[in-house]
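A short worksheet on the structure shown next.
Values below: all heavy atoms of this structure, side chains included; hydrogens, waters and symmetry mates excluded. All residue numbers refer to positions in the sequence shown, counting from 1.
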Amino acid sequence: MSTSPELCPTQRARSGTFDLLEMDRLERPLVNLPLLLDPSSYVPDTVDLTDDALARKYWLTCFEEALDGVVKRAVASQPESMDAAERAEKFRQKYWSKLQTLRHQPFAYGTLTVRSLLDTREHCLNEFNFPDPYSKVKQKENGLALKCFQNVTRSLDSLGWEERQLALVKGLLAGNVFDWGAKAVSDVLESESQFGFEEAKRKLQERPWLVDSYNEWLQRLKGPPHKCALIFADNSGIDIILGVFPFVRELLFRGTEVILACNSGPALNDVTYSESLIVAEHIAAMDPIIHSALREERLLLVQTGSSSPCLDLSRLDQGLAVLVQERGADLVVIEGMGRAVHTNYHAALCCESLKLAVIKNAWLAERLGGRLFSVIFKYEVPAE
């Protein structure tokens, strides 16, 4: 399902920590994030759909309605295959059948959550040999975003310090709009070919945001730099390249080391570890800050051990956990609806954390007290 890509020279040098990367991902031990405040009480999922009938009905319908689009995307991802349409139809039937079972027996496959619905869909796609239906979309969007990277960083560098911090956060949020797993977004991306980074910024809710700890974050930035930030990335393309990397660049400039964690295997249009290596290489060729940070191992790219659009902090790649301890990570940044809202919204960590996302689902936004494209920007400091 996944390959073990060649490590870039700066990371190959750290063979002790990265020996595990040579093993097959599925055979590697998964462990707790060392920064969880209380691993024994940690529950990844924000809502248990077995308990919440209204939410269960909504999300099952949502996944049913998205099925045609997933089938279409799966077939399009394998244009050379003679039997892609046949396999995609088998996938449709299998996943549809599971959704109907869950309508009548919510406990049929264990705990029912948005994460389990997403992960079951990925498993069904893999079963019928569609390991990466968004591969062509990701390649195209990465290529387009890389062409804009230098313009974005030049624009950021021209701003005063305080103005730049807000622009970086808005860039992170705008990047997170580009999520093919959200129907409100995929409809726009398929119908408006010119929809880009600036258009996404204009979609964002104006401040004050639905959850808005930005002023507290800005105050913290006026203090000493963090020792090391662990960032869980979300989507390919504009998200990782024009949102996350400029934010990483600013942290590095401040003197903070960065561990950038990406999925081990594909899910939706989420960036994978192997893709992040290629993206970082292209960016390093354009940007001296990223280039020197990679060379000096102040920026490390690692895999999470997951192939899910969500995030379970109790099942992370052991190499990542070791690195977090070695580097003394004191800031965790979790980006995106799947990782920071459907999961980990209530996760308690023993260090500072940023959980940020754009709500790209109108029903969920309304339930949280907002509207489509409302912003979650949650900065948390552990109690003394």
Side-chain angles (χ1 to χ4, degrees), residues 1-2 20-21 23-52 55 59 63 98 102 106-107 109-126 176 179 181 229-235 259-273 276 302-325 329 331-351 353-357 364 376 378 380:
M1 179 174 155
S2 68
L20 288 167
L21 293 178
M23 296 166 56
D24 183 84
R25 182 178 54 79
L26 299 176
E27 294 174 3
R28 297 170 56 177
L30 299 174
V31 300
N32 284 314
L33 177 69
L35 300 170
L36 281 172
L37 189 61
D38 179 11
S40 65
S41 66
Y42 169 70
V43 177
D45 303 288
T46 306
V47 177
D48 183 344
L49 299 180
T50 49
D51 292 340
D52 190 331
W59 285 111
F63 278 87
K98 285 183 180 291
L102 288 166
F107 292 98
Y109 309 114
T111 306
L112 179 59
T113 63
V114 173
R115 174 168 63 110
S116 71
L117 289 170
L118 285 163
D119 290 352
T120 300
R121 189 169 69 185
E122 293 299 323
H123 291 153
C124 289
L125 282 164
N126 275 290
N176 194 244
D179 178 356
L230 167 61
I231 300 177
F232 290 98
D234 189 3
N235 305 302
I259 301 167
L260 184 59
C262 301
N263 269 6
S264 299
L268 294 171
N269 65 314
D270 291 6
V271 63
T272 64
Y273 166 71
S276 75
V302 297
Q303 57 179 321
T304 60
S306 170
S307 300
S308 170
C310 297
L311 178 64
D312 183 348
L313 295 174
S314 68
R315 293 178 59 76
L316 291 178
D317 187 273
Q318 192 175 51
L320 170 55
V322 169
L323 198 55
V324 163
Q325 289 180 306
L331 172 66
V332 175
V333 181
I334 307 178
E335 183 215 3
M337 257 175 65
R339 293 170 181 80
V341 179
H342 293 315
T343 52
N344 298 306
Y345 191 72
H346 300 301
L349 303 177
C350 57
C351 69
S353 64
L354 275 180
K355 298 168 186 174
L356 56 125
L364 180 60
I376 304 283
K378 195 179 186 190
E380 295 175 302

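The nearest pair of heavy atoms linking Leu112 to Pro106 is CB-O, 3.6 Å. Here the closest heavy-atom approach between residue Ser308 and residue Ala267 is recorded as C-CB, 4.0 Å. Across all non-hydrogen atoms, the minimal contact from Leu118 to Cys310 is CD1-SG, 3.7 Å. Heavy-atom minimum distance, Leu313 versus Tyr42: N-OH, 2.9 Å. What you find for Ala357 and Asn176 is that their closest heavy atoms are CA-OD1, 3.9 Å. Counting all heavy atoms, side chain and backbone alike, Glu380 lies closest to Ala347 at OE1-O, 4.3 Å.
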Val302 vs Leu323, test: side chain to side chain contact (heavy atoms under 4.5 Å, CB included). Steps then yes/no. CA-CA 9 Å; Val302 297; Leu323 198 55; 3.5 Å; yes

Evaluate side chain to side chain contact (heavy atoms under 4.5 Å, CB included) for Ser307 paired with Glu122, printing each intermediate quantity in order. CA-CA 8 Å; Ser307 300; Glu122 293 299 323; over 6 Å; no

Could you walk me through whether Leu316 and Phe232 pass the side chain to side chain contact (heavy atoms under 4.5 Å, CB included) check? CA-CA 11 Å; Leu316 291 178; Phe232 290 98; 4.0 Å; yes

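In this structure, CG on Leu349 lies 6.0 Å from CG on Leu36, to the nearest 0.5 angstrom. Remark: Cys262 SG to Asp234 CG distance equals 10.0 Å, nearest 0.5 Å. For the atom pair NZ (Lys355) and CG (Asn344), the distance works out to 6.5 Å, reported to the nearest 0.5 Å. Separation of atoms CD (Gln325) and CG (Leu320) is listed at 10.5 Å; rounding is to 0.5 Å. Expressed to the nearest 0.5 Å, how far OG of Ser116 lies from CZ of Arg121 amounts to 12.0 Å. Expressed to the nearest 0.5 Å, how far CZ of Arg315 lies from CG of Leu33 amounts to 14.5 Å.
Evaluation of the side chain to side chain donor-acceptor pair (under 3.5 Å) rule for Asp48 yields Thr50 as partners, not counting sequence neighbours. By the side chain to side chain contact (heavy atoms under 4.5 Å, CB included) test, Cys351 is found to be paired with Leu35, Val332, residues two or more places apart in sequence or in another chain being considered. Here Asp51 pairs with nothing under the side chain to side chain donor-acceptor pair (under 3.5 Å) rule; sequence neighbours left out. By the salt bridge (charged side-chain N to carboxylate O under 4.0 Å, His left out) test, Asp119 pairs with no residue at all, sequence neighbours left out. Applying the side chain to side chain donor-acceptor pair (under 3.5 Å) rule to Asn235 yields the partners Asp239; only residues at least two apart in sequence or on another chain are considered. With sequence neighbours left out, Thr113 forms a side chain to side chain donor-acceptor pair (under 3.5 Å) with Asp45.
Each of Val47, Leu311, Leu364 was checked for a side chain to side chain contact (heavy atoms under 4.5 Å, CB included) with His342, and the lone residue meeting it is Leu364.
A heavy-atom distance below 4.5 Å is not found between the side chains of Tyr109 and Thr120. Within the 4.5 Å cutoff, side-chain heavy atoms of Leu117 are placed close to those of Leu49. Side-chain contact between Arg339 and Asp270 is present, with heavy atoms from C-beta onward closer than 4.5 Å.
Formation of a donor-acceptor pair under 3.5 Å by the Thr46 side chain with backbone atoms of Val341 is found in this model. Proximity of a side-chain donor or acceptor of Asn263 to a complementary backbone N or O of Thr304 within less than 3.5 Å is not detected.
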